[in-house]
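Notes follow once the structure below has been shown.
In this text the structure is predicted, and so the values were computed from the model without any measurement.
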Amino acid sequence: MPQPWDHEYPSPLAGLEDAPPLPTETNEDGKSLVNPSRDSLSPAYDTFTLPLRTDRRGGFDIHIYYFQHNSVQAKYARELWERIRREFPELRVYKFWEVPIGPHPVAMFEVNVFTPAQFGAFVAWLAIWRGPLSALIHPNTSVEEGEPPNEVELRDHTERAIWMGERLPLDWAPFRPRG
C-alpha cells in the first residue's frame with residue numbers, strides 16, 4: 001500500500017512566484033487579514049480544479065453510512081436517502097445498500113456531485129441534515145500517466161478524504177495493486 005510520503009505534492013504557490021507580497025494589515029474586526037483584490041472570482045467557483053474529474057464519474061462521491069442493525073439509524077438513513085432524491089434530483093443517487101459493500105464497513109448509500117455549485121449546496125445541506133450518520137466525501141481524480149489507478153483511488157479515499165461525523169475504518173483490500 002502506498003504511503004503518504006511516497007507521493008510528491010506540487011507547491012500550492014506554483015505560478016505565483018512573482019506575485020507581490022501579501023498585505024499585513026487587518027480588517028475592521030482586528031483579526032482577519034486584508035487580502036489582495038481580484039478582478040473576478042476564482043475559476044474554482046465554476047469548474048473543479050484539476051485533476052478532479054468533470055466526466056460522467058463526477059468530481060466527488062459522498063458515502064453516507066448507517067449501522068444497518070440500528071433501527072433508528074436505518075430508518076433515518078432511508079428517510080434521508082428519499083429526501084435527497086426529492087431535494088436534489090440533479091445529483092446521482094445510488095441504491096440504498098442494506099449491507100456493507102466494497103471498502104465500506106457498514107451499510108450506506110452514495111451521492112455524486114458534478115460541479116462546485118452542487119458540492120457547495122449539497123455538502124452545506126448535508127452538514128445540517130445528516131443527523132446521526134457519518135459521511136465520507138472523497139474526490140474522484142484523474143489518473144495521471146504512469147500512476148497506478150489503485151493508488152489514485154486509495155489517495156482519494158484517504159489523504160484527500162473529508163469526513164463528517166465519526167470516521168469509519170475502511171477496508172483497503174479493494175485498492176491493493178492488481179496484477
(request) Sequence neighbours left out, what pairs pass salt bridge (Lys or Arg N to Asp or Glu O under 4.0 Å) with at least one residue falling in residues 90-105? (result)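 Listed by first then second residue: R78-E98.
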(request) Just grab all the salt bridge (Lys or Arg N to Asp or Glu O under 4.0 Å) pairs involving residues 104-117, residues at least two apart or on different chains. (result)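 Qualifying pairs, neighbours excluded: none.
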(request) Begin from the C-alpha positions of R130 and I64 and carry the test side chain to side chain contact (heavy atoms under 4.5 Å, CB included) through to its verdict. (result) CA-CA 8 Å; R130 72 174 174 78; I64 301 167; 5.6 Å; no
Considering only heavy atoms from C-beta outward, does the side chain of [X] approach that of [Y] to under 4.5 Å?
X    : Y    : value
L126 : M164 : yes
L91  : I62  : no
E79  : R83  : no
I137 : F119 : yes
V106 : L168 : yes

Those residues that, when tested against [X], pass salt bridge (charged side-chain N to carboxylate O under 4.0 Å, His left out) (two or more places apart):
X   : answer
R57 : D61, E153
D29 : none
R85 : none
R53 : D55

Taking ILVMFWY side chains as joined if any heavy atoms are under 4.5 angstrom apart, and letting links pass through other members, which residues group with [X]?
X    : answer
Y45  : L41
L16  : L13
V152 : V143

(request) For R38, look at atom CZ and say whether over 12 heavy atoms of other residues, nucleotides or ligands are found less than 6.0 Å away. (result)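 Check passes, neighbour count above 12.
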(message) Just checking L33: does its CG atom have more than 12 heavy atoms from other residues, nucleotides or ligands closer to it than 6.0 angstrom?
(response)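 Atom CG in L33 is packed in, count exceeds 12.
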(request) Would you check if the distance from the ring center of F60 to the ring center of F114 is below 6.0 Å? (result)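 Not close enough - the centres of the two rings lie 6.0 Å or further apart.
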(message) Are F88 and F122 an aromatic pair, judged by ring center distance below 6.0 Å?
(response)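 Yes.
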Less than 3.5 Å apart, which donor and acceptor atoms pair up between the side chains of residues 18-25 and the rest of the protein, not counting sequence neighbours?
none

(message) Per the ring-ring contact (aromatic ring centres under 6.0 Å, His included) rule, what does the pair list look like for residues 142-163, sequence neighbours excluded?
(response)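 Passing the test, one end in residues 142-163: Y65-W163, H138-H157, H157-F175.
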(message) Test of understanding: with side-chain contact (heavy atoms from CB on, under 4.5 Å), list the residues that count as partners of E166, not counting sequence neighbours.
(response)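 E166 satisfies side-chain contact (heavy atoms from CB on, under 4.5 Å) with S134 only.
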